[in-house]
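What follows is a single structure, written as structure tokens, with notes after it.
Quick note on labels: first sequence line is chain A, next is B, and so on, each numbered from 1.
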Amino acid sequence: MVDKFFDATCSIGTYASQELEFHTVQELVSNMDCFGIESAVVHHNMAVYHDAALGNYKLLKEVKPFRERLFPSWVYEPELSWGGNLNKFINEMQLNGIKAVRIYPTAHKFQITRWNVGDVFDAFDDARLLVYADPWDIDFSMLQSACETYCNIKFILTNPSYYFQRMLYPLLNMYPNLYVELSTYLVFGGIDELIGKFGADRILFGTGMPFHDPGGAIAATAYANASDEQKNQIAYGNLGRLLNDVKF
Amino acid sequence: MTIEERVRRGLPFDNPRIIDAHIHLGGTTLVYTPDISLEYLIKSMDRFGIEKCVISHLAALSQDITYGNREVFEAVSKYPDRLNGLAVVNPNYSKTRNLEELDNWFVESAVGIKIHPELHGYPLDGADYNFVWETAIERQSMILIHSWAGEYYRTGLVSKCGPERLWTVLERYPELQKIPIVIGHSGGIHEGYVTAAALARKYPHIYCETCGWEFSFTWFHRFVEMAGEDKIVFGSDSGLHNPAYTLGRVALSKISETAKQKILRFNMEKVLSNLKVLR
């Protein structure tokens, strides 16, 4: 049986296409309590869909009363409004304890290449940050190149779906800095095979709240063909270890 | 032990055991699945406490109806107490060929018909599906429909399998109102959920099914409010999907224990026990 859960991915903020189950930080915490989730890495939907900088700072303000349980994750885009001041950006992250970043290269129209974001990713690499990418939004060749180039960054494939195993498995095999988050890893027999082939330490429990109700990921962890020790690694141990390793 | 406690411990259901309205045998080139054997499927059903299911073959949906249907009914003959077979038809083939296919499998053991308007590229309310409705009425069988609402992404093309197309079909065939129809995936996205729930509320023999929820962004207790606890049946999409996800979504939702039991077993048990399939 799993002792506790540390949610690798959830968000606050509204969503234009649909009224979600909740959107405030208080509602997030209340649902975490309801489902027995102790802590979570959280980002703001405003940073994904409207304005990264505005959403990132709004996130900080909103999670402030819950910082013992909520770990803020910023959305990164090659933000020209930083005026190219990389040091200021990285200092702000460090000052605010940002250990995880989400990227949307397709939606936000950039590439993880040296000429486009090399200086920032070098800084992420130095800090050993967690960088989340969604397979619906990132080209797998770009992900491969990023895993290879920035081997201290922990890349986390979030919202992984059941479509991408033929590209995911070779990458997991080649790059120990790639991890899979479970919110939508629906593959029939997939979690058991991931554990068998790559180890439980490459898998992170995540819910995707408020888009998804958390029961699915909780049950997927509980029914994994794994020891209690492995289930606890997935449920909270791996994420805690990765965050502790960040140099901020 | 409550249903939630059982799921949190990763235990198989035993009281009641689950009836699954949507399971597949076989694989598909569209996605990778580690083990597509019948033995693994049965083992998976045991692990979750799925006593019985309604099953169709992915090959019949994606390529060869005769091959896929034969495979599924051979499996049914091996596990007659666990598997209820659906015969898949394809509207791109002649009515004669489809009716021959249905004759074969209804004589064997089919409990109904499965259609997949998306994979077959033919609209749910098109005339070439009329034989499906007529056969189901004639044989008093059930129908499982793959449904998904909305427009195809950035194409402006309207889905061929949106549940809204069922309104037309039900007007065309009033007797179909007495036939159990399971709306697979309940229309997939939220817009589809709304329509599927409205259909289930209006027609006593129409049921919404639970798998493929990940695009709906609708929490399960909300869907129960929309469709009603008597009109939703559990479906896992096993063979493609890990049943734990849909099971957990139902088991940990903010609905009553009785509602969970109905959805996980009793609603589908009612559908199957009321079938009087004419061979």
Checklist outcome for this item: Closest heavy-atom pair, A/Ala219 versus B/Gly248, reported as atoms and distance to 0.1 Å, is CB-CA, 3.4 Å
Next on the checklist: Closer than 3.5 angstrom, by distance alone: can the side chain of B/Trp219 be matched with the main-chain N or O of A/Pro210 as a donor-acceptor pair?
Outcome noted: yes
Checklist outcome for this item: chain A shares the most heavy-atom pairs under 4.5 Å, among B/Gly239, B/Ala251, B/Ser253, B/Pro12, with B/Gly239
Checklist entry - Is the A/Phe188 to B/Tyr40 ring centre distance short of 6.0 Å? => result yes
Checklist entry - Looking at CG of A/Leu182 and CG of B/Asn242, how far apart are the two atoms once the value is rounded to the nearest 0.5 Å? => result 9.5 Å
Next on the checklist: Quick check on A/Ile191 against chain B: is it the side chain, the backbone, both or neither that has a heavy atom closer than 4.5 Å?
Outcome noted: side chain
Next on the checklist: B/Tyr245 vs A/Thr184, test: side chain to side chain contact (heavy atoms under 4.5 Å, CB included). Steps then yes/no.
Outcome noted: CA-CA 8 Å; B/Tyr245 282 91; A/Thr184 57; 5.9 Å; no
Next on the checklist: When you measure from the side chain of A/Arg166 to the backbone of B/Val31, do you find a donor-acceptor pair of N or O atoms at a distance under 3.5 Å?
Outcome noted: yes
Checklist entry - Where on A/Ser183 is there a heavy atom nearer than 4.5 Å to chain B: the side chain, the backbone, both, or neither? => result backbone
Next on the checklist: Please report the interatomic distance CG(B/Asp237) to CG(A/Leu186), rounded to the nearest 0.5 Å.
Outcome noted: 9.0 Å
Checklist entry - Among residues 44-62 of chain B, which residues come closer than 4.5 Å to chain A, judged by heavy atom distances? => result B/Ser44, B/Arg47, B/Phe48
Item to check | Atom pair OG1/CD of B/Thr218 and A/Glu19 - distance to nearest 0.5 Å | outcome: 11.0 Å
Item to check | Counterpart residues, salt bridge (Lys or Arg N to Asp or Glu O under 4.0 Å), relative to B/Arg249 (two or more places apart) | outcome: A/Asp213
Item to check | Approximate separation, where rounding is to 0.5 Å, of A/Phe5 CZ and B/Arg8 CZ | outcome: 6.0 Å
Checklist entry - Step by step, would you call B/Tyr32 with A/Tyr169 a ring-ring contact (aromatic ring centres under 6.0 Å, His included)? => result CA-CA 11 Å; B/Tyr32 165 74; A/Tyr169 278 22; 5.6 Å; yes
Item to check | Under 4.5 Å from any heavy atom of chain A - which part of B/Ile36 | outcome: neither
Checklist entry - Among B/Ser236, B/Ser238, B/Pro243, which has the most heavy-atom pairs under 4.5 Å with chain A? => result B/Ser238
Item to check | A/Pro214 side chain near B/Leu252 side chain, heavy-atom distance below 4.5 Å | outcome: no
Item to check | Test salt bridge (Lys or Arg N to Asp or Glu O under 4.0 Å) applied to A/Arg69 - qualifying residues, sequence neighbours left out | outcome: A/Asp33
Next on the checklist: One pair to check against side chain to side chain contact (heavy atoms under 4.5 Å, CB included): A/Phe35 and B/Glu4. What are the steps and the verdict?
Outcome noted: CA-CA 10 Å; A/Phe35 286 95; B/Glu4 174 170 349; 5.7 Å; no
Checklist entry - Any side-chain heavy atom of A/His212 sitting closer than 4.5 Å to one from B/Ser216? => result no
Next on the checklist: Please classify the contact of A/Asp228 with chain B as side chain, backbone, both or neither, using a heavy-atom distance under 4.5 Å.
Outcome noted: neither
Checklist entry - If you draw a 6.0 Å radius around NZ in A/Lys197, do more than 12 non-hydrogen atoms from other residues or ligands fall strictly inside? => result no
Checklist entry - Where is the tightest heavy-atom contact between A/Gly189 and B/Pro34, given as atom of each residue plus distance? => result O-CG, 3.7 Å
Item to check | Point-to-point distance, once rounded to the nearest 0.5 Å, from CD of A/Gln18 to NE2 of B/His190 | outcome: 5.0 Å
Item to check | Region of A/Asn225 in contact with chain B, defined by heavy-atom distances below 4.5 Å | outcome: both
Item to check | salt bridge (charged side-chain N to carboxylate O under 4.0 Å, His left out): pairs with one or both residues in residues 213-224 of chain B, sequence neighbours excluded | outcome: A/Glu21-B/Arg222, B/Arg222-B/Glu225
Item to check | Verdict with supporting geometry, A/Tyr15 and B/Phe217, ring-ring contact (aromatic ring centres under 6.0 Å, His included) | outcome: CA-CA 10 Å; A/Tyr15 179 62; B/Phe217 303 158; 5.8 Å; yes
Checklist entry - Highest number of heavy-atom pairs under 4.5 Å with chain B: which of A/Ala217, A/Ala220, A/Gly216? => result A/Gly216
